[in-house]
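Some notes on the structure that comes next.
To find a chain, count down the sequence lines: A is the first, B the second, and so on, and within it residues start at 1.
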Amino acid sequence: MSAHATLATARRVLRQLLRDRRTVGLIVVVPSFLLVILNFAFDSQPSTFDRIAPTMVGLIPFITMFIVTSIAMLRERTSGTLERLMSMSVAKLDLMAGYAIAFGAAAAAEVVVAAVVVFGILDTPADHSVAAIVAVGVLSAVLGMVMGLFVSAFATTEFQAVQFMPAFVLPQLLICGLFVDRSRMAGWLEGIAWAMPLTYVYDALDRLTSPGSIGGLFWLDLGVIAGAALVSLALGAVTLRRRTP
Amino acid sequence: MATEPDPRSPAVSVADLRVIRGGTVVLPDLSLKVDRGEVVGLLGPSGSGKTTLMRSIVGVQQVAAGTLTVLGLPAGDRDVRSRVGYVTQAASVYNDLTVIENLQYFGALHRAPPDEINRAIDAVDLGEFAGRVVGSLSGGQRGRVSLAAALVGKPNLLVLDEPTVGLDPVLRRDLWATFRSLASDGVTLIVSSHVMDEADECDSIILLRDGKMIARDTPQGLRDSTGTTDLEDAFLRLIEREGDLT
Ligand SMILES: Nc1ncnc2c1ncn2[C@@H]1O[C@H](COP(=O)(O)OP(=O)(O)OP(=O)(O)O)[C@@H](O)[C@H]1O
Ligand SMILES: [Mg+2]
């Protein structure tokens, strides 16, 4: 591990990210844009919007970071730059940490902008601290990032990488509890939902946006999210092979 | 800096190397040595295993058997990786970054001082493109950025996979002058190529065919042993001779 190599990698990844205007747009503008649309869609049911918007602030970054990271990592693999890096003295953890810092910073910007739009401009009430929602949003973005990093190992083209979005992310989103109460799902599906990391992101956000005390389960949710992120990171490090066939 | 086990050990020593890729044996059983400061040309038909051998030497290839020692350490060892520069056959640099930004990154990983970046840019003659995004450069220019990214690390061993493909004769000559001056500073170079007149620039030539080394000699030695005056003829003769035997 070397802080020097980690920071150099973070700076390089951020530079690549900032160079691409559309990616910056996807990260910073699109989530807020979607929330504004949602606000008008629920024009006659403001209470519904008030219930789901705060959770969306934390869930959307998971999706955007998952997409951006899986493609960025795939590019690193297919462009030969990963092979070059692996022939150099860089530690794999330096690379992954560099990515984590760069995308973590991007995620923070994304969540803060979305929070300003939802709580500042659209004036959605927050039952608990907005800062806590932002913090869970960043954590969820980091989870999306490390999962994207991991699954990129199973794609050989960018075309395959985007397919993870409907195949891997969308199901999690559908059963996490946002659209249907999990207790009203078929039993087996509810069981699967419990095994999905995004469920705990939703629960943590839901607790933060529900009246009453937050409770100890909130910390359990955070623990599960962090654990899932660490496991994905470890799996990602395993798939980052120095020697390839 | 890493401690050098024995500064006089060969730059590269390969013994009984066996590599299997995608179920087929690419290098059945290869042994060879490269001395320090030597410029070795790696030649052979397409698919003969040049890239596979280079990947094995720099430690990114899974090998089935054999021992590879590079600069006195096992190939791919952490301490040896910082002293080896590898330029892949296809340019491996970030297309969305500028020439300078690419070299700054690879330079930072090597902890190279800033003037090393300028020196690398000059060595590949890309001064006027330093601020350009790599994706907007021509194929040959991108290849030179890729080469410069390996030069910033001031490696003791440079492994270059077809570094002069797509370059005009003037640039090729200049690059070879750079390679020779690196070699005179003690850098060992392993260069693969398809261009025969480049082979003449090498101290020694390894000719691969179907993963087997069918010749290892100086350019002059190859001409003499095949009774030809032209290296291209010498290769054709050697490759045909091997073909007759199998
Ligand atoms: N990733 C891979 N998976 C499976 N087989 C591979 C892979 N890469 C190369 N090979 C096979 O290994 C053999 C040697 O390939 P290699 O790239 O080493 O040849 P080369 O001498 O560098 O050829 P060229 O001059 O065309 O670059 C070829 O038969 C090739 O088909
Ligand atoms: Mg090759």
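Panel note: side chain B:Thr88, backbone B:Ala90; a donor-acceptor pair is recorded below 3.5 Å. Checking side-chain atoms of A:Thr55 against main-chain N and O of A:Leu205 turns up no donor-acceptor pair under 3.5 Å. No donor-acceptor pair closer than 3.5 Å links the side chain of B:Arg83 to the backbone N or O of B:Asn156. Although no hydrogens or angles enter the test, the distance criterion places no donor-acceptor pair under 3.5 Å between the side chain of B:Thr69 and the main chain of B:Gly72. Proximity of a side-chain donor or acceptor of A:Thr199 to a complementary backbone N or O of A:Ala195 within less than 3.5 Å is not detected.
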- [ ] Apply side-chain contact (heavy atoms from CB on, under 4.5 Å) to A:Leu38 and A:Leu34, showing your working.
- [x] CA-CA 6 Å; A:Leu38 208 59; A:Leu34 292 177; over 6 Å; no
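For residues 8-16 of chain A, the interface with chain B (any heavy-atom pair closer than 4.5 Å) comprises A:Ala8, A:Thr9, A:Arg12, A:Arg15, A:Gln16, sorted by residue number. Listed in order of number, the residues of residues 22-33 of chain A that approach chain B to under 4.5 Å between heavy atoms amount to none. Contact annotation for residues 80-117 of chain A against chain B (heavy-atom separation below 4.5 Å, listed by residue number): A:Gly80, A:Thr81, A:Glu83, A:Arg84, A:Leu85, A:Met86, A:Ser87, A:Met88, A:Ser89, A:Val90, A:Leu95. The interface of residues 232-245 of chain A with chain B, defined by heavy-atom distances below 4.5 Å, comprises A:Arg242, A:Arg243, A:Thr244, A:Pro245.
Under the ring-ring contact (aromatic ring centres under 6.0 Å, His included) test applied with A:Phe168, the options A:Phe66, A:Phe154, A:Phe150 reduce to a single match, A:Phe66. Here the options are A:Ser140, A:Cys176, A:Pro197, the test is side chain to side chain contact (heavy atoms under 4.5 Å, CB included), and the partner is A:Phe62; only A:Ser140 passes.
In this structure, a donor-acceptor pair under 3.5 Å is present between the side chains of A:Glu76 and B:Tyr94. A side-chain donor from one of B:Glu198 and B:Ser193 sits under 3.5 Å from a side-chain acceptor of the other. Counting only N and O atoms by type, the side chains of A:Arg77 and A:Thr156 include no donor and acceptor under 3.5 Å apart. One side chain, B:Ser136 or B:Arg132, offers a donor N or O that lies under 3.5 Å from an acceptor on the other.
In this structure, CG on B:Leu32 lies 8.5 Å from CG on B:Leu42, to the nearest 0.5 angstrom. Considering CD of A:Gln160 and OG of A:Ser70, their distance stands at 12.0 Å, rounded to 0.5 Å. Considering CG of B:Leu97 and CG of B:Asn102, their distance stands at 5.0 Å, rounded to 0.5 Å. Rounding to the nearest 0.5 Å places CG of B:Leu73 at 5.0 Å from CG of B:Asp77. With rounding to the nearest 0.5 Å, the separation of CZ in B:Arg209 from CG in B:Leu43 is 15.0 Å.
Of the atoms belonging to B:Ser146, heavy atoms from both backbone and side chain fall under 4.5 Å from chain A. Interface residue B:Ala149: backbone and side-chain heavy atoms are both found under 4.5 Å from chain A. For chain A, the nearby part of B:Gln104 is the side chain; its heavy atoms alone come within less than 4.5 Å.
Taking B:Val159, B:Val58, B:Leu109 one by one and counting their heavy-atom pairs under 4.5 Å with chain A, the maximum is reached by B:Leu109. Each of B:Arg21, B:Gln61, B:Arg78 has some count of heavy-atom pairs under 4.5 Å with chain A, and the biggest count is that of B:Gln61.
Taking a cutoff of 4.0 Å between a charged side-chain nitrogen and a carboxylate oxygen, B:Asp115 and B:Arg119 qualify as a salt bridge.
For the residue pair B:Val84 and B:Pro155, the shortest heavy atom distance occurs at C-CB, 3.8 Å.
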